[in-house]
Novice: 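Okay, handing you the structure first.
Every chain is numbered from 1 and lettered A, B, ... according to where its sequence line falls, protein lines coming before strand lines.
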Amino acid sequence: MNLSYAWLVPLLPALAFLVNILLGYRLGKRGAAYLSLAAMILASLIATSVLFAVYRAAPRWEKVGVYEIIEFEKAEYQPLYESYREALQRGAGEGRLEQLRHNLHQLEDDLHHLIEKAQSHHPAEGFPFTSESTWLSIQGEEGIPWGMLLDPFAALMLFMVAFVSMLIHLFSIEYMAGEDRYPTFFAYISLFSAAMLAMVLSRNLFHVLLFWEVMGVMSYLLIGFFYKKISAQQAMKKAFLVTKLADIGLIIGLALIYRHFGTLDIVRLHQLAPELLAAAPAVATAIGLLLFIGAMGKSAQFPLHIWLLDAMEGPTPVSAMIHAATMVAAGVYLMARAHPLITLGAAPGYIATIGAITALFAAMLAPAFADIKKILAWSTVSQLGFMFIALGSLGWFAAVFHLIAHAFFKALLFLCSGSMIHGSGTQDIFEMDKLAKHMPSTRISFIIGGLSLAGIVPFAGFWSKDEVLLALKHAASDNWGYGILLLMAYAASLLTAFYIARAYFIAFEKPSQPSPWAAASWNQGALAELNMSAEDVKQDKAHDHHHLHHPPHESGLYISLALWLLAGSATVIGLLGSPIFGNALQRFVYQGHVPHLEPLAVQIPGFIIGTVIAVTGIGLAYLLYGGELLKLRAPEALTQVLQKRFYLDELAYKLIANPLTQLRQLLAHIDRHYLDRAIDLGAWLVQILADALRRLQTGRLEHYLWTIAAAALAIVLFFSLSSSTGGL
Amino acid sequence: MLSLLIFLPFLAALASLIFRQEDVSKWLSLAVAALTSLLSLGLWLGYDLAQGGFQYVQDIPWLSTLGINLNLAADGLSLPFLFLSALLTLIAILSEWQRKDGAIFSLFMLLEAALMGVFASLDLIIFFIAFELALIPMFFIIGVWGYDNRRYASLKFLLYSLVGSVFLLIGILSLGFLAGDGGVSFDYRQLLLTAPLIAKTPALLICLALSIAFLIKLPSVPFHTWLPHAHTQAPTGGSIMLAGLLLKMGGYGLIRFNVSLFPEAMQTLQPFFALLAVLSLLYGGMVALGQSDLKQLIAYSSVNHMGFVLLGIASLTAFGLHGAVYQMVAHGVITGLLFLLIGMLSHRTHTRSIAALKGMYTAMPILGGLMWLAMLGGAGIPGMAGFIGEFQAILGAFQNPSTSLWAVLGAFGILVNAALMLWTIQRVLQGEPSEQMKANYDLHDITSLELLSALPLILLALIWGFLPQSLSPYIDVGVQSALSQLGF
């Protein structure tokens with residue numbers, strides 16, 4: 001089967017970008033938007049057809065058979081493999097190794113039989129679908145070929161990204177209607193989607209990096225869409241540079257992979273990884289950590305999360321784009337793609353730890369903010385932390401599941417927030433006036449998204465978060481360190497339910513009130529280094545496009561349609577991955593081997609704990625903000641610390657940006673006044689010498705005669721002396 | 001055919017001198033530049049990749065008794081530069097089209113002839129003559145048509161380059177005598193066989209002498225201080241030629257002569273080159289961050305970009321050398337474009353001071369948008385040629401264990417460079433122009449002629465950013481022959 005037409009999925013929005021950037025203003029406002037939307041709709045349809053084609057071609061697994069395989073692996077295969085690896089590292093005798101290898105082969109045969117039995121439908125020929133062609137060729141090396149890898153993971157991501165982006169396009173048509181640079185906006189988000197779609201299809205890590213960087217550029221341009229605002233200028237620069245810093249890790253990681261494996265091709269890497277990395281755990285660790293550094297930047301993991309909050313300077317649909325379908329998803333995607341390279345070293349422990357710190361840290365900050373977009377931004381950081389916990393606990397599917405579920409419900413929440421801002425004219429939840437009364441459709445969408453985020457059955461977040469925690473529990477059963485992470489994850493879950501319920505109660509149920517923290521979200525972060533005065537900030541803020549003063553109203557058709565479609569699909573995709581429906585999603589999306597499943601019985605306790613935690617969080621928020629039964633408020637000092645984001649941004653400026661600023665001035669001074677002068681000094685010395693020598697050219701004959709006579713004498717003396725001593 | 005590339009512009013320069021008519025020299029130069037562009041493109045496309053090696057060989061006897069002949073040929077390493085020489089000359093002429101003075105156009109022709117000689121000659125003496133000849137038109141272009149401080153800058157450029165030339169001449173002469181196989185030979189093909197036979201110490205010394213000339217030209221820190229002066233003072237066309245081609249003579253020379261003829265000595269000098277590369281990347285970038293003159297800033301960013309070239313060369317791996325050449329081509333196109341656009345900007349504002357500019361994108365959306373694109377290209381965004389070159393240089397340097405650490409350090413050059421370009425974008429393009437600027441500057445958007453002259457460079461930067469298969473096979477053929485000398 002030839003699935004090369006899958007390239008159309010990124011190509012169509014890329015073409016829409018090209019047309020819009022070149023001719024957008026000729027097409028007229030609506031024309032440009034509909035062109036982009038049409039390209040995305042077509043791309044989504046193609047992505048759906050690709051998904052079905054891959055589904056038909058992929059092997060289908062029987063649930064029971066998979067349980068058997070997993071049981072067998074856990075009980076027999078893994079222990080033997082571990083002892084083989086140990087023996088290999090210890091440098092055991094060849095006889096012993098041979099014996100182990102023999103046993104291993106036998107078990108592999110048994111495993112093979114089990115796998116045969118568990119497959120009700122065998123993979124079609126050519127599955128997974130790949131293609132390869134020359135791109136950058138170097139003799140004697142693999143170079144960088146161009147290629148496509150279309151396995152269930154890629155197909156599902158392709159579908160998710162295309163679908164969510166399409167809805168964001170739809171939403172933007174109405175939301176951005178008042179903007180002058182409407183065609184430019186649509187050109188940018190189309191290319192943004194195209195880059196993510198192309199990244200998902202690429203089979204060479206270099207192209208993953210290439211499209212990853214394209215996303216970096218597009219997010220830079222979109223965050224700075226209101227480029228006349230100083231805060232937007234700072235934010236776009238910060239986002240680009242922080243992620244670029246992380247990219248250095250990724251670039252070196254790729255260089256290390258190429259040096260070790262001689263290829264950057266994902267398919268070949270998956271084949272080579274077990275063999276080549278088993279004997280070199282240090283390399284595996286280094287690769288894992290370097291790739292993780294790259295992912296930390298894109299996916300906003302502590303301490304490289306500092307760009308994400310400022311990124312709220314972009315229009316709301318951009319935030320939805322960055323936080324759901326693209327950009328932050330890229331880091332998780334990369335780690336999931338590369339997981340065979342990562343799992344063999346010591347990196348997973350670090351990844352899970354950073355993930356847990358991020359999850360908890362961001363969930364702590366979210367309740368201290370009043371700006372709905374910033375609350376959601378912290379929420380994204382925190383949820384990404386959960387995904388990295390899963391990756392670090394070797395539950396790569398759990399991470400992918402949570403990524404996809406999160407993409408749907410976070411896009412939903414961001415678009416809801418856009419609708420709220422659009423309808424009420426403010427971003428501050430305190431200033432929003434009983435939105436429940438005025439915006440019923442937005443309210444229901446927000447509740448669905450919020451419950452999903454909080455982890456309430458049966459919404460997507462419930463199933464996916466549980467999957468993450470399940471992976472973490474598995475890891476904790478082997479290593480007590482993961483137990484601490486589990487507790488942190490529970491705490492983060494509790495706070496998650498709390499902050500989203502808080503936002504809901506204040507924005508939807510409460511009448512408008514003066515915001516207690518109106519100024520707090522300003523004059524910090526990206527603006528900290530500028531020391532802008534309150535007046536400057538106010539002036540800068542005047543560039544904001546919304547700030548209409550009218551009573552709240554419900555948004556129009558496009559916005560509501562986008563919200564409803566997202567709410568619906570968020571729920572469906574969660575159910576597909578739930579054990580109630582036999583983990584259909586897991587049995588479809590797997591990498592290379594067998595999907596990892598747990599029977600329902602194992603998961604029940606986890607479901608109960610998760611629900612109790614979520615309900616507690618929501619209840620707490622109700623007590624404090626909804627019914628105001630508890631008149632308890634956090635102490636001023638704590639709020640201050642939280643709103644200053646634990647002073648991390650300022651620290652980054654003080655420790656990195658400012659010294660570099662001084663260094664550049666110093667170096668520029670040295671270059672101009674010392675290094676360059678030293679060169680001039682050389683020229684000056686030559687001049688002095690020339691002046692001195694010129695004195696000899698007196699032009700007077702007797703001086704020359706004397707000189708000639710002296711020289712003749714010297715020559716005669718020299719030769720007579722040398723002939724007397726040298727015996728010539 | 002290759003001799004046409006040299007003699008056509010040379011004759012055009014002579015003809016303009018003889019006729020001394022402004023229009024004649026303008027149109028003649030334009031026609032010859034366009035013709036040579038097509039011709040060199042044709043040669044490039046006609047190059048037989050399967051066969052490889054030197055093609056279009058022309059051996060014209062000259063001072064045969066001294067071993068000096070007009071031997072011309074082209075291979076995958078030189079063809080992209082031959083094409084760029086013609087194309088950038090064309091664009092430089094267009095950028096100076098408003099000048100009322102015909103002499104500058106004949107100087108561009110002379111410069112093109114010299115550059116063609118540099119990239120096409122297989123005889124080292126001819127190479128040296130062409131290498132020197134390129135200095136003279138540039139000296140006058142800067143010194144006569146430059147900005148206020150042009151005399152100092154042009155003299156510094158000339159003298160600094162001449163210091164390098166002395167070493168180059170010494171190196172070439174000793175090479176010709178030592179490797180002459182009994183007599184004297186300056187034929188590159190002959191030297192490829194005999195140069196590796198030179199004893200270790202003289203080989204190292206010759207290699208070092210050549211390196212000095214090429215490192216000054218590249219330029220690498222600490223030999224770079226002539227560049228900012230020259231760039232700042234040069235007129236737009238001069239800057240385009242300087243950044244696009246004159247710097248490339250350094251990198252080209254290093255690969256063509258140092259790596260190919262002295263593989264062993266280069267391995268000895270490897271750490272030294274890697275150190276200079278990282279210094280250029282980081283120090284060059286940081287100094288660029290401290291500049292207040294737009295042209296000077298781009299000039300220093302060239303030092304940073306050339307750091308990647310040097311890093312790739314220092315790696316002595318296929319990937320690294322390939323990346324070095326790719327980066328040179330990319331830099332020629334992108335930085336050429338940047339200087340072209342800055343020329344248009346300063347033509348309107350009569351200032352190059354960053355502090356006196358702001359909101360240029362709002363004022364001139366198309367010109368501003370193109371500058372934005374070019375600066376991002378300079379920052380190495382994917383989809384433009386620089387990204388591929390930089391990545392390859394780093395990957396190649398990392399591949400070789402003895403330069404791995406330098407590759408890691410050098411990678412931070414990417415960040416410095418990105419910061420530099422982004423900050424410049426913020427200061428020059430973003431925000432809103434003040435009323436004073438609107439009143440004082442003539443802020444009309446790009447004209448058709450200007451757009452036409454920028455278009456080829458934009459297209460090439462994008463094509464080589466997305467479709468390296470149109471460039472890399474040629475580079476590969478050239479690089480592989482250098483590598484075969486290294487014994488890999």
Side-chain angles (χ1 to χ4, degrees), chain A residues 21 133-141 143-144 146 195 206 209-214 216-217 220-221 224 227-230 232-234 236-237 240-241 244-245 247-249 251-252 254-256 258-259 660-661 663-672 675-680 682-683 686, chain B residues 156 159-160 163 221-222 224-226 228-229 283 286-291 300 318-319 322 326 359 361-362 376 380-383 387-388 391-392 394-399 401 404 407-408 411-412 414-415 418-419 422-423 425-426 429-432 467-469 472-473 476-477 479-480 483 488:
Chain A
I21 206 84
S133 56
T134 23
W135 198 68
L136 198 155
S137 49
I138 290 177
Q139 275 174 50
E141 301 246 3
I144 303 170
W146 176 267
F206 176 76
L209 173 75
L210 190 141
F211 292 118
W212 164 290
E213 298 267 342
V214 173
V217 177
Y220 159 80
L221 291 171
Y227 64 94
K228 291 178 191 170
K229 277 175 75 178
I230 295 171
Q233 295 168 10
Q234 293 294 100
M236 71 198 285
K237 206 172 58 177
F240 194 79
L241 291 181
K244 198 85 183 174
L245 175 68
D247 291 347
I248 292 174
I251 289 172
I252 296 168
L254 293 196
L256 180 59
Y258 194 87
R259 184 168 134 186
L660 283 180
T661 309
L663 183 65
R664 73 177 161 79
Q665 278 158 353
L666 178 73
L667 289 182
H669 184 80
I670 289 178
D671 199 72
R672 167 74 49 84
L675 193 58
D676 197 24
R677 284 276 171 278
I679 304 295
D680 285 359
V686 171
Chain B
K156 185 162 205 161
L159 290 180
Y160 214 138
V163 171
V221 171
H224 66 283
T225 54
W226 62 270
H229 293 288
Y283 176 86
M286 286 307 283
V287 174
L289 270 170
Q291 302 305 314
Y300 274 107
F319 239 115
H322 195 288
Y326 211 103
Y361 173 65
T362 313
L376 287 179
I381 62 159
F387 181 72
I388 296 178
F391 180 80
Q392 289 186 77
I394 290 174
L395 188 115
F398 195 84
Q399 249 182 325
S404 287
V408 174
F412 284 87
I414 296 180
L415 185 68
L422 258 48
W423 195 40
I425 289 172
Q426 186 184 2
L429 297 173
Q430 293 180 333
E432 256 185 300
L467 305 169
Q469 61 266 54
S472 82
D476 193 42
V477 167
V479 162
Q480 292 294 343
L483 279 172
F488 288 135

Novice: Just verifying a value: how many Å separate Gln665(A) CD and Met286(B) CE, rounded to the nearest 0.5 Å?
Specialist: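 These two atoms lie 9.5 Å from each other.
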
Novice: Closest approach of Trp423(B) and Lys237(A), non-hydrogen atoms and distance?
Specialist: CD1-NZ, 3.4 Å

Novice: Could you grab the distance from atom CG of Leu663(A) to atom CG of Leu289(B), nearest 0.5 Å is fine?
Specialist: 9.5 Å

Novice: Taking all non-hydrogen atoms of both residues into account, name the closest pair between Ser137(A) and Ser472(B) and its distance.
Specialist: N-OG, 3.4 Å

Novice: After noting the C-alpha distance and the side-chain angles of Arg677(A) and Thr225(B), does the key distance pass the side-chain contact (heavy atoms from CB on, under 4.5 Å) rule?
Specialist: CA-CA 9 Å; Arg677(A) 284 276 171 278; Thr225(B) 54; over 6 Å; no

Novice: Taking every heavy-atom pair that is under 4.5 Å apart, which of Leu209(A), Ile670(A), Leu666(A), Ile21(A) has the most such pairs with chain B?
Specialist: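 Ranked by contacts with chain B, first place is Leu209(A).
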
Novice: Would you say Trp226(B) and Ile679(A) make side-chain contact, with heavy atoms under 4.5 Å?
Specialist: no

Novice: Relative to chain A, which segment of Phe319(B) carries a heavy atom at a distance below 4.5 Å: side chain, backbone, both, or neither?
Specialist: both

Novice: Drop me the distance from Ile388(B)'s CD1 to Ile144(A)'s CD1, to the nearest 0.5 angstrom.
Specialist: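 Going from the CD1 atom of Ile388(B) to the CD1 atom of Ile144(A) covers 7.5 Å.
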
Novice: Flag the pair Glu141(A) / Gln399(B) as yes when at least one side-chain heavy-atom distance between them is below 4.5 Å, and no otherwise.
Specialist: yes

Novice: Are any side-chain N or O atoms of Gln480(B) and backbone N or O atoms of Gln139(A), one a donor and one an acceptor, separated by less than 3.5 Å?
Specialist: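 Checked: pair present.
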
Novice: Run the side chain to side chain contact (heavy atoms under 4.5 Å, CB included) test against Val217(A) and tell me which residues pass, sequence neighbours left out.
Specialist: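 By the side chain to side chain contact (heavy atoms under 4.5 Å, CB included) rule, Val217(A) matches Leu221(A), Phe240(A), Leu376(B), Ile381(B), Pro382(B).
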
Novice: Side chain, backbone, both or neither: which part of Ile248(A) has a non-hydrogen atom closer than 4.5 Å to chain B?
Specialist: side chain

Novice: I need the minimum non-hydrogen distance between Ala668(A) and Gln291(B), along with the two atoms involved.
Specialist: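 What the structure gives for the nearest pair is CB-NE2, 3.9 Å.
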
Novice: Write down the atom of Leu675(A), the atom of Tyr283(B), and the distance for their closest heavy-atom approach.
Specialist: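 So the minimum-distance heavy-atom pair works out to CD2-OH, 4.0 Å.
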
Novice: Please rank Gln233(A), His669(A), Glu213(A) by heavy-atom pairs under 4.5 Å with chain B and give me the top one.
Specialist: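 When all of Gln233(A), His669(A), Glu213(A) are compared, Gln233(A) has the most.
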
Novice: Over all heavy atoms of both residues, which pair between Leu254(A) and Leu395(B) is shortest? Give the atoms and the distance, please.
Specialist: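 Closest approach of Leu254(A) to Leu395(B): O-CD1, 4.1 Å.
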
Novice: State, with a plain yes or no, whether a side-chain heavy atom of Thr362(B) is found less than 4.5 Å away from one of Tyr227(A).
Specialist: yes

Novice: By a 4.5 Å heavy-atom criterion (distance strictly below it), what part of Tyr258(A) contacts chain B: side chain, backbone, both, or neither?
Specialist: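 Interface part for Tyr258(A): side chain.
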
Novice: Could you give the distance from NE2 (His229(B)) to CG (Asp676(A)), rounded to the nearest 0.5 Å?
Specialist: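 It is 3.5 Å, given to the nearest 0.5 Å.
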
Novice: So, taking the atom named CE in Met236(A) and the one named CD1 in Ile425(B), what distance separates them when rounded to the nearest 0.5 Å?
Specialist: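 Reported to 0.5 Å precision, the distance equals 7.5 Å.
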
Novice: If every non-hydrogen atom of Thr134(A) is compared with every non-hydrogen atom of Gln469(B), which pair is closest and at what distance?
Specialist: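 Here Thr134(A) and Gln469(B) meet closest at O-NE2, 3.7 Å.
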
Novice: The criterion is ring pair (Phe, Tyr, Trp, His ring centres under 6.0 Å); which residues satisfy it with Phe387(B), sequence neighbours excluded?
Specialist: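 With sequence neighbours excluded, Phe387(B) shows a ring pair (Phe, Tyr, Trp, His ring centres under 6.0 Å) to Phe206(A), given in chain and number order.
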
Novice: Does any heavy atom of chain A fall under 4.5 Å from the side chain of Tyr300(B), the backbone, both, or neither of them?
Specialist: side chain

Novice: Among Ile252(A), Leu667(A), Leu241(A), Ile138(A), who wins on heavy-atom pairs under 4.5 Å with chain B?
Specialist: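 Greatest number of close heavy-atom pairs with chain B: Ile138(A).
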
